[in-house]
Amino acid sequence: MPQAPVICWFKRDLRIEDHPALARAVALGPVIPLYIIEPALWAQADASGRQYGFVLDCLESLRAGLARLGLGLVIRVGDAVEVLECLRTETGAARMVSHEETGNAWSFARDRRVAAWARGQGVAWEELAQCGVVRRLGGRDAWQGLRDMFMRAPVVGVPGEVRGRPVEGVAPPAPHVLGLDDHCPGQQRGGRDRALGALESFLATRGETYQWAMSRPGEGARACSRLSPHLAFGTLSVREAVQAGRAAPGGRGKAWAGSMRAFQARLAWRDHFMQKLEDEPAIEHHAMHRACDDLRPHVPDAARLAAWDKGETGLPFVDACMRSLRATGWLNFRMRSMVMAVASYHLWLDWRATGRVLARLFTDYEPGIHWPQVQMQSGVTGINTIRIYNPVKQGHDQDPTGEFTRRWLPELREVPDALLQEPWRWEGARRLAYPAPVVDVAAAARAARAAVRAVRRETGFAEEKRRVIARHASRKRPRPAADRQMKLDL
């Protein structure tokens with residue numbers, strides 16, 4: 001009697017290398033590699049065409065990789081439970097393997113429905129870790145050791161002898177079919193080869209100035225590894241990146257050594273932030289410190305939100321960053337922090353609304369990093385220092401020549417360099433095709449700081465803060481009460 005096939009369900013793990021779930025499926029029996037395009041997932045408020053376009057590239061790459069193993073990628077469209085039940089009925093599959101996904105609330109609810117289906121139909125579903133996130137973690141004290149152990153383990157080799165079960169699939173629908181019309185001319189392309197190319201060029205040459213250039217939007221576009229979307233959708237594993245970084249040639253001077261240390265730190269903090277959402281999925285929708293839940297109006301000022309989204313706030317450096325992000329799908333770590341902080345403090349917009357905007361704009365959107373970071377930059381974790389970026393000062397510090405700002409705001413070409421970040425002070429401001437600032441930067445910062453401090457003085461705030469620290473703060477540093485101010489775009 002033929003052995004029943006095993007479904008290997010690919011999600012945010014679109015590769016065949018260092019793939020524990022695929023290796024496990026191959027060991028269990030004939031494999032059906034499955035990817036489900038879920039229209040309801042792509043209809044969520046945090047999804048976008050730039051992300052779907054990246055996934056389409058990854059699927060082509062995955063298809064080619066599986067073909068080298070003699071396997072065909074099966075793509076189906078629909079609700080996951082319905083697709084899986086159809087596949088079970090067609091093939092008699094009684095086992096399924098996938099990676100553990102730390103996704104958004106929608107994917108979390110979907111996985112619970114899939115688990116209920118599997119139990120009801122007698123399908124054994126195994127979920128395996130693919131990064132340093134630990135499911136059902138008992139406490140943060142042990143997390144760092146567990147993460148380090150995972151990263152030291154050998155990468156899982158590409159399966160050798162593979163048996164497959166041919167199953168009919170469909171072609172992926174075009175973006176417009178899913179309502180994903182999204183103009184992003186400069187977005188990164190997906191696929192395993194591009195991931196390896198980015199890693200190799202970063203470790204060979206581009207990474208030399210990483211430690212300092214990652215703060216600047218212009219230089220950072222080249223000096224950063226640009227691995228973030230590949231890690232988010234799994235064309236490269238975090239373990240592969242960690243081990244490749246550790247194996248990079250040494251002896252190239254202090255700049256290289258510092259940059260490689262910074263790279264490893266961000267890979268570690270990537271898992272650290274994802275662990276927060278894994279441990280408490282509700283923080284996608286509720287403030288980590290519940291006293292901050294109503295700090296700002298849940299229904300944001302529509303005009304301010306639209307101005308920030310489109311890059312029309314009248315604050316040049318903020319607008320340049322937002323327009324760059326719209327056109328490329330990427331922004332360096334400090335500018336991600338700044339645009340979120342300005343939206344939260346100066347424009348006083350609720351983090352849930354602005355977080356959804358940024359989620360759609362980031363090609364590398366990873367829910368487990370995104371929502372804890374959005375909360376941190378908005379001051380609603382209760383454990384982080386109130387950090388209010390001055391957008392004028394940031395423009396001078398991070399774009400000292402004005403090249404980045406002028407590239408994305410051509411309407412300011414006539415403004416003298418000294419006033420580029422404050423064009424409203426220029427005598428010719430009235431003839432500019434550029435809006436006046438929507439807020440007074442200094443006054444808005446003072447009001448925001450006072451409001452946040454008032455909440456932090458309320459009765460019971462300190463007790464709740466201790467709960468947040470116990471559950472989410474890093475144990476590695478001597479002062480766990482405050483996580484580092486770091487945006488993990490890599």
Side-chain angles (χ1 to χ4, degrees), residues 183-188 206-224 226 255 259 304 306-347 354 357-358 361-362 377 387-445 485-487 489:
H183 184 60
C184 186
Q187 79 166 83
Q188 276 185 260
R206 292 190 298 108
E208 181 173 13
T209 59
Y210 175 67
Q211 190 173 24
W212 67 268
M214 62 180 166
S215 294
R216 295 190 172 184
E219 291 94 331
R222 181 184 183 281
C224 288
R226 304 306 299 270
S259 290
R304 285 189 178 185
W308 174 77
D309 181 1
K310 296 176 182 177
E312 298 175 352
T313 65
L315 304 173
F317 197 47
V318 174
D319 291 344
C321 287
M322 293 300 291
R323 294 188 196 183
S324 172
L325 176 57
R326 280 191 158 277
T328 68
W330 184 86
L331 199 61
N332 66 308
F333 89 94
R334 184 181 291 273
M335 295 344 5
R336 295 187 187 210
S337 300
M338 182 200 69
V339 297
M340 189 66 210
V342 169
S344 301
Y345 293 113
H346 297 88
L347 306 185
T354 51
V357 170
L358 290 179
L361 293 177
F362 291 147
Q377 303 304 337
R387 189 173 188 184
I388 303 178
Y389 288 81
N390 182 324
V392 175
K393 183 178 185 300
Q394 287 296 309
H396 288 302
D397 291 350
Q398 307 305 333
D399 186 28
T401 67
E403 180 181 357
F404 177 81
T405 302
R406 292 186 189 279
R407 176 185 176 187
W408 296 105
L409 303 180
E411 59 267 48
L412 298 184
R413 58 185 173 273
E414 297 180 43
V415 180
D417 290 350
L419 297 176
L420 179 61
Q421 301 300 338
E422 300 173 275
W424 56 88
R425 295 178 51 207
W426 182 45
E427 60 184 11
R430 291 187 178 182
R431 67 172 182 265
L432 293 174
Y434 184 69
V438 295
V439 294
D440 178 286
V441 171
Q485 302 290 337
M486 185 181 296
K487 181 60 186 176
D489 69 303

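Counting from 1, the numbers follow the sequence of the chain as shown.
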* Under the side-chain contact (heavy atoms from CB on, under 4.5 Å) criterion, do L409 and L420 qualify, and how do the steps go? -> CA-CA 10 Å; L409 303 180; L420 179 61; over 6 Å; no

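- No side-chain donor-acceptor contact under 3.5 Å links R336 to the backbone of F333.
- Taking OG1 of T328 as the reference point, atom CH2 of W408 lies at 6.0 Å (rounded to 0.5 Å).
- Going from atom CE of M340 over to atom OG1 of T354 covers 3.0 Å, rounded to the nearest 0.5 Å.
- Between the CZ atom in R431 and the CD atom in E414 there is a gap of 5.0 Å [rounded to 0.5 Å].
- Taking CE from M338 and CE from M322, the interatomic distance works out to 9.5 Å, rounded to the nearest 0.5 Å.
- Remark: K310 engages E312 in a side chain to side chain contact (heavy atoms under 4.5 Å, CB included) (not counting sequence neighbours).
- Here OG1 of T313 is found 6.5 Å from CG of L347. Values are rounded to the nearest 0.5 Å.
- Summarising the geometry, atom CG belonging to D417 is positioned 10.5 Å from atom NE2 belonging to H396; distances are rounded to the nearest 0.5 Å.
- Side-chain contact between W424 and L419 is absent, with no heavy-atom pair separated by less than 4.5 Å.
- Smallest separation of non-hydrogen atoms from F404 and D399: N-OD1, 3.1 Å.
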* side-chain contact (heavy atoms from CB on, under 4.5 Å) between M335 and Q394, worked out -> CA-CA 9 Å; M335 295 344 5; Q394 287 296 309; 3.7 Å; yes

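- Annotation: side chain to side chain contact (heavy atoms under 4.5 Å, CB included) contacts of A443 (sequence neighbours excluded): D440, R446.
- Proximity of a side-chain donor or acceptor of S259 to a complementary backbone N or O of E208 within less than 3.5 Å is detected.
- Ionic pairing of D309 and R326 is present here: one or more N-O contacts between side-chain nitrogen and carboxylate oxygen are shorter than 4.0 angstrom.
- A pairwise comparison of heavy atoms in H346 and A445 identifies NE2-CB, 3.9 Å as the closest pair.
- Counting all heavy atoms, side chain and backbone alike, P391 lies closest to L315 at CG-CD1, 4.3 Å.
- In this structure, the side chains of W330 and C184 stay at 4.5 Å or more apart for every pair of heavy atoms.
- Between Y389 and R334 the shortest side-chain heavy-atom distance falls below 4.5 Å.
- Using a 4.5 Å heavy-atom threshold, the side chains of Y434 and V415 count as separate.
- Considering every non-hydrogen atom in both Q211 and M214, the closest pair reads O-CE, 3.4 Å.
- With a 4.5 Å cut-off on side-chain heavy atoms, R216 and P400 count as touching.
- Under a 3.5 Å cut-off, the side chain of N332 and the backbone N or O of A221 do not form any donor-acceptor pair.
- Nearest approach of Q377 to Y345, heavy atoms of both residues: O-CE1, 3.4 Å.
- In this structure, V318 and V339 approach most closely via the heavy-atom pair O-CG1, 4.3 Å.
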